[in-house]
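Notes follow once the structure below has been shown.
Positions are given from 1 along the sequence.
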Amino acid sequence: SRNCQGWQRRLDATSKWQKANRSRSMQLFILAVGKGRASPENTLTQGWLSRLPQGGSLIEVESKFPPGQKRTDDESSRLLRAMPDGAALAVLDPRGKDHSSEDLAALIGTWRDGGFAAACFAIGGADGHADMMRQKAERSISFGRATWPHMLFPAMLAEQLYRASAILAGHPYHRGD
């Protein structure tokens, strides 16, 4: 059908864009507390990450400690251990700076151009990140003042990482200001 052909053209254009931009991009990782398993939200996250020119990865960790500071510290330690060596780190935190899609693209571009081969975006557990995690981060990012569902948040972040990559490459996906 006509509608299917339109979607196929978009997928073909995205595939060509991915191949053309692999050499100028950096690996992007979402580090998250919790396990999405075979949920629709995880499928959505993986779908957005697969569209990144360089691919993207979701790394999930869990702590066996009961809720409290010990658990938060353990979660942050696990997230830090999951990071590739020499990667830039941004923590997602309601107290962080709100970033537009263009701001996020500029940040990723700055890190890429500054020699980072990878960037990690860390999503904490129910009690957020331990102080040590926030101190190691190059940036603290907020997605506004609203409270977002924990299972949905990686998908929202993955879409923004794709959008940022599209902005950096001049791809028409983003129709901002």
Side-chain angles (χ1 to χ4, degrees), residues 25-108 111 116 118-168 173-174 176:
S25 53
M26 63 191 296
Q27 287 188 297
L28 301 176
F29 294 87
I30 296 175
L31 308 176
V33 172
K35 295 283 186 181
R37 294 179 182 85
S39 69
E41 296 90 350
N42 193 31
T43 301
L44 187 59
T45 301
Q46 296 300 337
W48 284 114
L49 291 174
S50 72
R51 294 177 184 170
L52 290 168
Q54 68 286 4
S57 297
L58 172 64
I59 300 171
E60 297 174 304
V61 302
E62 285 186 299
S63 176
K64 301 299 181 199
F65 289 106
Q69 190 59 50
K70 193 169 186 179
R71 180 184 189 115
T72 302
D73 291 344
D74 184 53
E75 290 167 345
S76 290
S77 292
R78 290 172 183 272
L79 290 172
L80 288 170
R81 284 195 307 266
M83 282 182 60
D85 290 336
L89 173 63
V91 294
L92 283 293
D93 189 317
R95 295 169 287 187
K97 181 181 177 221
D98 197 12
H99 282 60
S100 67
S101 298
E102 293 86 359
D103 293 338
L104 184 59
L107 175 63
I108 292 170
W111 285 346
F116 285 103
C120 295
F121 297 84
I123 301 168
D127 295 319
H129 296 289
D131 288 339
M132 63 153 162
M133 183 84 169
R134 283 193 295 277
Q135 290 167 1
K136 289 185 186 271
E138 279 79 22
R139 187 69 58 98
S140 182
I141 297 173
S142 170
F143 267 33
R145 293 178 42 191
T147 301
W148 300 105
H150 193 75
M151 292 291 290
L152 186 57
F153 197 77
M156 295 168 49
L157 176 57
E159 189 280 336
Q160 283 299 297
L161 295 178
Y162 174 76
R163 183 177 297 274
S165 294
I167 291 168
L168 289 169
Y173 174 75
H174 179 71

Test side-chain contact (heavy atoms from CB on, under 4.5 Å) on I108 and L161 and set out the steps. CA-CA 9 Å; I108 292 170; L161 295 178; 3.9 Å; yes
ring-ring contact (aromatic ring centres under 6.0 Å, His included) involving F143 - partner list, sequence neighbours excluded: F153
Among L104, D98, L157, D103, side-chain contact (heavy atoms from CB on, under 4.5 Å) partner for I141: L104
Considering non-hydrogen atoms only, spot the tightest contact between S165 and L52 and give its length. OG-CD2, 3.4 Å
Closer than 4.0 angstrom, basic N to acidic O: yes or no for R71 and D127? no
Output yes when D73 and K70 qualify as a salt bridge under the 4.0 Å nitrogen-oxygen rule, no when they do not. no
Does atom CZ (R145) have a neighbourhood of more than 12 heavy atoms from anything else shown, all under 6.0 Å? no
Measuring from S101:OG to Y162:OH, what's the distance to the nearest 0.5 Å? 13.0 Å
Heavy-atom pair with the smallest gap, counting every atom of H129 and L92: NE2-O, 3.3 Å
Specify the closest pair of heavy atoms between M151 and P154, including all atoms of both residues, with the distance to one decimal. O-CD, 3.6 Å
Reported CD1-to-CD distance for the pair I123 and E60, which is rounded to 0.5 angstrom: 9.0 Å
With a 4.5 Å cut-off on side-chain heavy atoms, are F116 and M26 touching? yes
Measuring from S142:OG to R95:CZ, what's the distance to the nearest 0.5 Å? 10.5 Å
Please name all residues satisfying salt bridge (charged side-chain N to carboxylate O under 4.0 Å, His left out) with D74, sequence neighbours left out, ordered by chain then number. R78
Where does the angle between the aromatic ring planes of F121 and W111 fall among parallel (under 30°), tilted (30 to 60°) and perpendicular (over 60°)? tilted
Minimum heavy-atom separation for A155 to W48, with atom names? O-CD1, 3.9 Å
So H99 and Q160, do their side chains get closer than 4.5 Å, heavy atoms only? no
Please report the interatomic distance CZ(R51) to CD(E159), rounded to the nearest 0.5 Å. 9.0 Å
Could you go through the side-chain contact (heavy atoms from CB on, under 4.5 Å) check for C120 and I59 one step at a time? CA-CA 10 Å; C120 295; I59 300 171; over 6 Å; no
Shortest non-hydrogen pair, E75 vs S63, comes out as CG-CB, 3.8 Å
Rounded to the nearest 0.5 Å, what separation is found between the CG atom of L152 and the OG1 atom of T45? 7.5 Å
S57 and Q27: side-chain contact (heavy atoms from CB on, under 4.5 Å), yes or no, with the steps? CA-CA 8 Å; S57 297; Q27 287 188 297; 5.7 Å; no
Look at the side chain of E138 and the backbone N and O of L89, then say whether any donor-acceptor pair between them is shorter than 3.5 Å. yes
Step-by-step side-chain contact (heavy atoms from CB on, under 4.5 Å) determination, L79 to V33: CA-CA 8 Å; L79 290 172; V33 172; 3.8 Å; yes
Heavy-atom pair of closest approach, residues K136 and L80: CD-CD1, 3.6 Å
